[in-house]
Amino acid sequence: MTPRNPSHITMDEVNEHEQIKVRRDKLAQLGPDRRLAFRNDFRPSHTVQAIRDRSGDLDPQELEALSDEFALAGRIRAFRPHGKAAFFEIEDATGRLQVYARKDGLGDEAYERVRSLDVGDIAGVRGRLFRTRTDELTIQAGEVTLLTKCIRPLPEKWHGLKDVETRYRQRYVDLMVNPEVREVFRSRSRIIGFVREFLRQRGFLEVETPMMQPMAGGAAARPFVTHHNALDLDLYLRVAPELFLKRLLVGGFDRVFELNRNFRNEGLSTRHNPEFTMLELYQAYADYEDMMSLTEDLFVMLAKEIRGNLRIPCGGREVSLEPPWERLSLTAGVARAAGVEESALETLPDLLRVADKLGLQVDPRLGRGKLLVELFEQLVEPRLIQPTFVLDYPLEVSPLARRNDDDPQFVDRFELFIGGRELANAFSELNDPEDQQRRFEEQAAARRAGDDTACEVDEDYVRALEYAMPPAAGEGIGIDRLVMLLTDSASIRDVILFPLLRS
RNA sequence: GAGCCGUUAGCUCAGCAGGUAGAGCAUCUGCCUUUUAAGCAGAGGGUCGCCGGUUCGAUCCCGGCACGGCUCACCA
C-alpha cells in the first residue's frame, strides 16, 4: 500500500522496513563505487525466447554438445538455494529461463555473490545450456553479474499483486508480476498498430491536429482549460479533433484519420477516463452506410488478429462479431423496450408519458430529441450485448451531422454498441455552411441557457465549409473501449497504463 | 456529487461479546550440489488507513476525514 501521508518520513528514517534494510546493506557491501552496483557494461547475446528457439528441438545430448555460450540479462524472479548450489529464474521481456549456479563451478567468492542476490535484482548471466532431470531447459552459470540492485521486495510469488489501488498507482510493479497485465498492454499496442495499418492500406492519411484549441468543439463535453503565458491566451484541451479534421477535407486530403488523446472534464467510471484515446476518421464521397461497412471490416479483422476468432468472451458472455451486425433505429429500440408502438413516441408529451409509465427519472426540461436519447440510454443501451448499429438520431443532439433526406428532424448517424458499451459514433457529415451556422447558433443559445457542454459558433469552420467540403462521412472509435472489448477487460483502467487517480 | 462496501506484517489473507493480533509466502540464522509454490529446524517483523468520541480498556462500537472499489449521477 502506498503510504498515505509520507510527508513526515525521511530517507534516513531509522525504522526502515527490515527487508529494504537488508537489501540496502547488501548494496553497501559492494563497496563505495556506485558504478559497480549500477553497471551498464553487460550486453545480452540472446533473449529468453531466442534461447528457447535455438535449443527447442535439441535432445539433451545435442544440447550438451552445443558449445555456444549464451549471455542473458533480466530480472531475478525466483530463487531456490540448495547449500552449495542454487537455482534461480531470470525473466526478460520475452520470458523466463532457469539458471543453475554451482559453488564448484563459480568459485567460493563468486558463489557467495550469487547467494547474496535477491528476487527482483537485475542480473546478467553467461553460460552453456543443459536440461535438468526434470527436463527443464537451464543455463549453467559460468558468470553471474549484478547489474542493478532491487531495493524493495517484490509482491508474493504465488498470489502476486492484487490490491487494485497499488496496481494502478505502481503500474511498474503490476507489470512486473502480473503477466496477464503485460499481455493486455501488448494487445493494446498490436490493436493500435493494426488500426493504423488497416487505414493506411485504405488510403487514409494520418494527421495531427491541435490538442490545445482556442475553442473546444466537436463533441458535447466540458473541456479542461489551460493558459498560454506568452500570448496571454486561454486555451482548451481538445474534446475532439473533428472540426480540424474536416477542415482537411476542405483542403483536399480526402481520407484522413487521427488516433490520439482527447480530454474531457467529466466524471470517472469503468468506461470513462478524463484523457482517453480516440480514433477519428473522415472519408470524402462516402456516407454513414460506408462507415458501417468499414467498421465491420475493421472489427472482424481485429478479432481474427487479436483473438483468432469472431466469437469472443465479454464479461462472462460471448459476443459474436460475425457480420452483418444488427441495425436498430433509436425510436424502434425505445418502442420495443417500452412495449409501445413507434407512433406513440412522436411528440414530447408522448415521450414524457412513456417515461412516467415506466417510472423513469427524466429531466422534464429536455426537448423531444434529447428525451428520446435519454430513454434509449436507460432502456436499451445496457442490453445491447451483441454488436448493434443504432441508427437515426434526432437532429438536436447532432449539430455536425447531415440531415436525413426523408425526415429532416433526424440525421444520418449511428452509434455502435457491443457488450452494453458505446464503441463508435459516426455520421454523414453536414457540409451546408448555412445549416451549420444555424446549428452552431442553436448550440450557442443552449450554452447561454446553461448547457456548458454545448459548443460555440466556430466562424472559421463555417468559412471553411463555404469553400466547399466534399460530401463525406466520419467516425469516432473509442480505442480504450475497443481494447477493453478485445481483451475482455471490465474497466477502462485496466487498459490505460496510468489511469487518473486522486493524488 | 450520492449510496453501498473496503483499508490488519513487504505481499495474499484470517481474526475479534471490546481485554492492544495470526497464517502462508517473503526476510533473517543454521543444514542442504538437478530444484522449480524446493525441503527441514529456528527467529525477527504490526501506531490493525488517519483524527476524535464512548469505555477501566478500542483493530473491533460511534462520528469525521483520506484513499480505493462497485452502482448511480455526469459523460449527445
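Heavy atoms only: backbone and side chains are in, while hydrogens, waters and symmetry mates are out. In the text below, chain A, chain B and the rest are named by the order of the sequence lines, each starting its count at 1.
Distance CG (A:D108) to P (B:rU33): 13 Å, rounded to an integer number of Å. For the pair A:F88 CZ and B:rU34 P, the computed distance is 16 Å after rounding to whole Å. Rounded to whole Å, atom C1' of B:rG39 lies 16 Å from atom CZ of A:F79. Between A:R77 atom CZ and B:rA38 atom C1' there is a gap of 17 Å when expressed in whole angstrom units. Between A:R115 atom CZ and B:rC28 atom C1' there is a gap of 13 Å when expressed in whole angstrom units.
Taking 3.5 Å as the limit, the base of B:rA26 and the side chain of A:Q19 contain a donor-acceptor pair of atoms between them. The base of B:rU35 sits within donor-acceptor range of the side chain of A:R80, with an N or O pair under 3.5 Å.
Note on A:P394: nothing from the nucleic acid sits closer than 4.0 angstrom, heavy atoms only. A:R131 comes within 4.0 angstrom of nothing in the nucleic acid, heavy atoms only. Residue A:G160 is classed as a sugar-phosphate contact, given heavy-atom separations below 4.0 Å to backbone atoms only. Residue A:K162 is classed as a sugar-phosphate contact, given heavy-atom separations below 4.0 Å to backbone atoms only. Note on A:Y168: only backbone sugar-phosphate atoms sit closer than 4.0 angstrom, heavy atoms only; bases stay farther off. No engagement by A:L154 is indicated, since no non-hydrogen atom pair under 4.0 Å with the nucleic acid exists. Nucleic acid contact class of A:A86 (heavy atoms, under 4.0 Å, all strands): none. Residue contacts for A:Q98: at a heavy-atom cut-off of 4.0 Å it reaches a base atom on one of the strands shown. Across all strands, A:R421 comes closer than 4.0 Å to no nucleic acid atom at all (heavy-atom distances). Within the nucleic acid shown, A:R133 comes within 4.0 Å of at least one base atom, counting heavy atoms only. Contacts of A:R96 with the nucleic acid, taken as non-hydrogen atoms under 4.0 Å apart, are absent. Residue contacts for A:S269: at a heavy-atom cut-off of 4.0 Å it reaches no nucleic acid atom on any strand shown.
A centroid separation of 6.0 Å or more is found between the aromatic rings of A:F427 and A:Y288.
Taking a pair to require two hydrogen-bonding distances under 3.5 Å in either a Watson-Crick or a G-U wobble arrangement, B:rU35 remains unpaired. B:rC50 and B:rG64 make up a base pair, with Watson-Crick or G-U wobble contacts both under 3.5 Å. With a cut-off of 3.5 Å on both Watson-Crick or G-U wobble distances, the partner of B:rC56 is given as B:rG19. When both distances must be under 3.5 Å, the Watson-Crick or G-U wobble mate of B:rA41 is B:rU29. Under the Watson-Crick or G-U wobble criterion, with both distances below 3.5 Å, B:rC70 is paired with B:rG3. The partner of B:rC11, taking Watson-Crick or G-U wobble pairs whose two distances both stay under 3.5 Å, is B:rG24.
A side-chain donor-acceptor contact under 3.5 Å links A:T487 and A:S489. Between the side chains of A:T347 and A:D350, at least one donor N or O sits under 3.5 Å from an acceptor N or O. Between the side chains of A:N425 and A:R413, at least one donor N or O sits under 3.5 Å from an acceptor N or O. Between the side chains of A:D494 and A:Y168, a donor-acceptor pair is found at a separation under 3.5 Å.
Closest to the side chain of A:E156, out of B:rG10, B:rG68, B:rC70, is B:rG10. Here the side chain of A:R169 is nearest to one of B:rU34, B:rG68, B:rC28, namely B:rG68.
The closest side-chain heavy-atom distance from A:P274 to A:N265 is not below 4.5 Å.
Phosphate contact (OP1/OP2 of B:rG69, side-chain N/O of A:R493, threshold under 4.0 Å): present. Contact annotation: A:H159 does not reach the phosphate of B:rC11 (side-chain N/O to OP1 or OP2, under 4.0 Å). Dashed line: the shortest gap from a side-chain N or O of A:R502 to OP1 or OP2 of B:rA66 is not under 4.0 Å. Listed pair A:K84 / B:rU34 fails the phosphate criterion, with no side-chain N or O lying under 4.0 Å from OP1 or OP2.
On the P atoms, B:rG64 is 11 Å away from B:rC4, given to the nearest whole Å.
Comparing A:R264 and A:L501 along RNA chain B, the residue whose closest nucleotide (by nearest heavy atom) sits nearer the 5' end is A:L501. Toward the 5' end of RNA chain B, the nearer of the two residues A:E89 and A:G218, judged by each one's closest nucleotide, is A:E89.
Ion pairing between a basic and an acidic side chain is recognised when a charged N comes within 4.0 Å of a carboxylate O; A:D121 and A:K26 show no such pairing.
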